[in-house]
Structures are given as C-alpha cells and as structure tokens.
Amino acid sequence: MGNACSNHLGIPPAKGPNPVGCTDFMMDHTAKGSFFRLYYPCQETDKAEKPDWVPCREYFNGLADFMKINRALSERIFNYLFGSFKIPAYLDAPFKSNGKCPVVIFSHGLGAFRTLYSAICAELASQGFIVASVEHRDQSASATYYFRERTESEKANSVAKSSSSAQDNLVKEWMYYRALQHGESEFPLRNKQVKQRADECILALDKLTEINSGIAVQNALQTQFDWSSLENSMDLCRIAAVGHSFGGATVIEALCKEVKFKCGIALDAWMIPLDDEIFPRVKQPIFFINSEKFQWAGNISRMRKLDSAIIQRKMITIRGTVHQSFPDFTFLTGNWIGKLMKLKGEIDPELAIDLSNKATLAFLQRHLGLEKNFNQWDPLIDGQDVNLIQGTNVTVLQSAI
Ligand SMILES: CCN(CC)CCN(C[C@]12C[C@](c3ccc(C(F)(F)F)cc3)(C1)C2)C(=O)Cn1c(SCc2ccc(F)cc2)nc(=O)c2c1C=CC2
C-alpha cells in the first residue's frame with residue numbers, strides 16, 4: 001500500500017475476508033443525478049490496479065478553496081504530499097457474488113468528496129457489504145463534477161463532427177466548495193444542504209435498487225465495470241446509512257426521510273444543520289462514534305435529544321482522536337505534520353479506525369440482523385475497551401439537555 005518513497009505511509013488495507021473492488025457511477029449525468037463510488041467484495045484478481053486516491057487535480061484545487069489557501073501553491077503541495085497514494089481496492093474488478101450483500105450509503109463531510117473515506121468503505125466491503133460513497137452536489141464538497149449537453153455552437157465547432165457516442169455530446173463541468181459569505185448566517189445554508197444531501201443518499205439507494213433489479217444502466221462515466229453482475233446481489237432489507245461530520249447529520253436527516261434505512265452510524269456528527277423538529281421523527285437505531293477533541297456541549301446535547309427508551313441510541317468516544325481521525329488523510333502524513341495540521345490525534349490512526357470499524361460492524365449486525373461474527377465486537381458498542389469512553393468526554397450541563 002501507499003507509494004514507494006514513503007513506505008510506512010498509506011491507507012491501511014481492509015481486514016475482512018473479501019478482496020475489495022471499486023468503481024464509479026453517475027446517472028444521470030446532470031448535477032441532479034446520482035454520483036457515487038461503489039466499493040464491493042470482488043473476485044481475486046491480479047489484473048486490476050489500484051486507482052489514485054484523488055482522481056483528478058481539480059479536487060486539490062477545491063481543497064485549496066476550502067482551506068482558503070492559494071490554489072497554485074497548494075496544488076503542488078497536495079500533489080507532492082498525496083499525489084501518489086492508491087486506495088486499498090481494485091478498480092473495476094469483477095464483483096464476487098456470495099449471497100445477497102447488505103448495503104451501506106456513505107455521506108462525506110464538509111469540504112470532502114467521495115474518495116476520502118476509503119479505509120472505512122473498503123473495510124465494510126471486505127466484510128461483505130456493498131457501499132455507495134456519495135459525492136454531494138450541494139456545494140459542500142471541495143469539488144465535484146457533472147456533465148451538460150454540448151450547445152449547438154459547441155457541436156458545430158467540435159472536432160468530432162459526427163459525434164458517435166453520447167459521451168461526445170457531453171461537456172464536463174466542475175462545481176466547487178461554496179464558502180459561507182461574510183455575514184451570511186450558517187443555519188439556513190447548512191439546513192438546505194443537509195436536506196439535499198439526504199435526498200442524494202436516497203437517490204443513490206434508488207439507483208442501487210434499479211441496478212439490483214437488473215434494469216440496464218447508462219453510466220455517464222466510461223468504466224470497465226459490468227453493472228449487470230450486480231443483479232440480485234443486494235439485500236434490500238438490510239440497508240444502513242453512515243456518514244462523517246456533516247455526513248453524520250445527513251445520516252439522521254436520511255433516516256427521518258427514508259425508512260428503508262434500518263439504522264444509522266454518525267461518525268463525529270456535526271448537528272448544527274439539523275432542525276430540532278426532526279429528532280422525535282427519527283425511529284431507527286443510531287450509533288454516535290465521536291472523536292475526543294471535536295465535540296462540544298451544545299453539539300452533544302443535540303445528540304442527546306435523540307435519546308430514547310425504546311429505540312436503541314448509542315454513543316462512544318475514541319480516546320486520543322481528532323475530527324480528521326475518520327477520513328483517509330489521517331494515514332497519509334508523518335506524525336509531526338499530522339499533529340500540526342490536526343490530521344492525527346494521540347492514538348495510532350490505524351488502531352482508532354479499527355475500533356471505529358469494528359464497533360460499526362457490531363452495530364450493523366445487531367440492527368440489520370446479519371448472521372456474521374461481528375457480534376464479537378458488541379462490547380465496543382458500550383465503550384468497553386481501554387481506548388474507548390462510553391458516551392462522551394464532554395461535560396454537558398443538565399440544563400443543556
Ligand atoms: C478553514 C476551513 N474551515 C472551513 C469551514 C474549517 C475546515 N475544517 C477543518 C479541517 C478540514 C481540514 C484539513 C483537511 C485536509 C488537509 C490536508 F492537508 F491533509 F489536505 C488539512 C486540513 C481543515 C481540517 C473543517 O471543516 C472540519 N469539518 C469537516 S472536515 C471534512 C474533510 C474535509 C476535507 C478533507 F480533505 C477531509 C475531510 N467536515 C465537516 O463536515 C465539518 C467540519 C467542521 C464542521 C463540520
């Protein structure tokens with residue numbers, strides 16, 4: 001894993017019994033379509049190679065915008081630091097069907113995009129899940145792209161006069177991160193975005209449902225993946241939503257809107273974008289897996305509003321973690337840069353993500369009714385580990401609850 005020169009850095013390989021494949025899907029091709037990276041159990045292959053972790057340089061430009069640093073400078077820095085990393089999965093490898101796979105829809109955080117949580121998504125796929133990591137078009141992603149039809153004038157002077165494939169008639173458009181304008185209040189924007197994000201998760205689920213039924217797909221992206229191999233491969237009674245930060249709020253909004261999501265796992269959720277009025281309307285189990293450094297009383301007290309005597313709501317905190325302990329960046333820099341940029345906490349990043357992944361799998365087995373051995377990690381759901389805290393380290397005043 002990782003690139004030659006920094007042999008000790010790289011995204012940790014998945015631990016489950018299945019090799020992991022990944023491919024990209026976009027349908028329809030517009031900004032209103034569904035765009036996700038699919039991670040899935042694949043057949044052993046020595047042909048497929050591992051795709052670049054960041055698919056193209058526009059993502060680095062978007063990341064610079066998000067971090068309010070100069071694009072030219074940052075593109076070189078990001079390329080130097082991260083340009084050669086591969087993700088722990090085989091591009092377009094053939095799907096391996098062994099019974100129906102449970103499904104996870106994954107939602108990224110503010111300023112992230114679909115490829116940055118591969119340690120989590122690949123792990124779930126190696127354990128037998130089909131995972132769709134959505135790329136949101138609500139302008140919360142650092143960057144994302146879609147296509148539009150060529151205009152008549154563009155067609156007129158396009159080289160390929162008799163443009164053969166539909167793809168030739170499409171032009172790639174980039175959408176970049178939209179920062180909060182000076183003086184603009186945060187909630188209206190974030191609330192609108194979380195609703196769009198939930199709709200995009202539901203749309204991705206609808207697309208997977210179509211694919212599972214064998215409906216032919218016109219993937220706007222030219223991939224070598226055979227989508228018909230996924231016919232009847234998904235267990236559409238076993239669907240969960242998982243997300244990080246803004247994606248954690250998206251999980252709660254999606255559970256509220258779509259009962260097909262049987263449970264949700266919110267990784268270091270950012271609760272600001274959510275309306276108070278949705279809390280009593282969420283009926284599914286939720287698991288909050290928090291970092292030690294990111295959370296604060298107001299955010300925790302909103303999670304507590306979801307406490308219920310009848311619906312299982314669980315919370316644990318991983319000691320020594322920071323907000324960035326969940327995305328892949330945490331594995332990709334040395335210790336001192338990582339700590340300086342708050343990409344690493346005190347705990348070993350691979351131990352932290354392993355605890356998070358195992359607790360996630362145990363919760364998924366419990367609430368999706370899986371017949372696997374993930375229940376071996378049940379104690380983690382209750383924080384029973386030296387590196388876990390049951391509930392939170394944050395002091396929440398009684399009045400705030
Ligand atoms: C000054 C910018 N200001 C914007 C509002 C705050 C920026 N910020 C802290 C950052 C992300 C940081 C980051 C990334 C990546 C490198 C790199 F160098 F490794 F590339 C470095 C440093 C900059 C740590 C966050 O937003 C934290 N955060 C996140 S971070 C999700 C993410 C984004 C980009 C990634 F590449 C990976 C993961 N997702 C959320 O949903 C929420 C929050 C806060 C509230 C809700």
Side-chain angles (χ1 to χ4, degrees), residues 6 9-11 53-55 57-71 73-83 85 87 106-121 133-136 138-144 176-182 184-187 189-191 193-194 196-198 242-253 266-274 290-291 293-296 298-300 302-303 321-345 349 353:
S6 56
L9 290 181
I11 299 164
W53 179 55
V54 176
R57 64 180 178 75
E58 284 82 355
Y59 284 102
F60 281 144
N61 291 342
L63 206 48
D65 296 355
F66 172 62
M67 293 168 63
K68 301 186 181 75
I69 51 183
N70 169 281
R71 277 194 175 193
L73 173 76
S74 64
E75 186 183 343
R76 281 207 296 274
I77 295 173
F78 288 147
N79 250 320
Y80 170 71
L81 280 175
F82 310 118
F85 283 107
I87 66 168
F106 189 93
S107 174
H108 63 71
L110 186 71
F113 44 92
R114 75 188 187 288
T115 69
L116 296 185
Y117 297 86
S118 62
I120 297 168
C121 297
S133 179
V134 173
E135 190 152 297
H136 293 295
D138 63 334
Q139 297 187 285
S140 73
S142 268
T144 186
Y176 289 101
Y177 173 73
R178 170 179 170 332
L180 211 56
Q181 306 308 314
H182 187 70
E184 179 185 4
S185 72
E186 178 126 54
F187 178 77
L189 171 65
R190 302 305 180 203
N191 186 252
Q193 287 177 316
V194 79
Q196 179 177 340
R197 283 163 144 263
V242 181
H244 172 243
S245 199
F246 200 174
T250 307
V251 163
I252 294 160
E253 186 77 25
L267 305 172
D268 228 11
W270 183 51
M271 302 294 282
I272 300 283
L274 295 169
N290 292 346
S291 76
K293 297 280 189 304
F294 177 74
Q295 293 299 332
W296 64 98
N299 206 48
I300 295 288
R302 307 203 71 204
M303 293 178 193
T321 52
V322 295
H323 202 47
Q324 295 306 315
S325 298
F326 295 96
D328 294 334
F329 275 115
T330 196
F331 308 108
L332 302 181
T333 66
N335 263 332
W336 66 274
I337 296 186
K339 289 209 174 91
L340 189 77
M341 298 174 78
K342 292 206 183 92
L343 296 173
K344 283 182 193 299
I353 209 71

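Just follow the structure's listing: the first ligand is 1, and inside any ligand the first atom is 1. The first residue in the sequence is number 1, and the count goes up from there.
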Test side-chain contact (heavy atoms from CB on, under 4.5 Å) applied to Leu110 and Phe66, step by step: CA-CA 9 Å; Leu110 186 71; Phe66 172 62; 4.0 Å; yes

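Counting only N and O atoms by type, the side chains of Ser140 and Gln193 include no donor and acceptor under 3.5 Å apart.
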Measure from every N or O atom of ligand 1 to the protein's N or O atoms and keep only the pairs below 3.5 Å, writing each with atom names and distance to 0.1 Å.
from     : atom 1 : to     : atom 2 : distance (Å)
ligand 1 : 39 (N) : Leu110 : N      : 3.2
ligand 1 : 39 (N) : Leu110 : O      : 3.4
ligand 1 : 41 (O) : Leu110 : N      : 2.7
ligand 1 : 41 (O) : Ser245 : OG     : 2.9
ligand 1 : 41 (O) : Phe246 : N      : 2.9

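When the side-chain hydrogen bond (donor to acceptor under 3.5 Å, both in side chains) test is applied to Arg71, the partners found at least two apart in sequence or on another chain are Asp65.
Of all heavy-atom pairs between Pro273 and Phe187, the closest is O-CE1, 3.7 Å.
Lys344 pairs in a side-chain contact (heavy atoms from CB on, under 4.5 Å) with only one of the listed residues (Ile337, Asn335, Leu332, Thr321), which is Asn335. When Asn79, Ile77, Leu73 are each tested for a side-chain contact (heavy atoms from CB on, under 4.5 Å) with Glu75, only one passes: Asn79.
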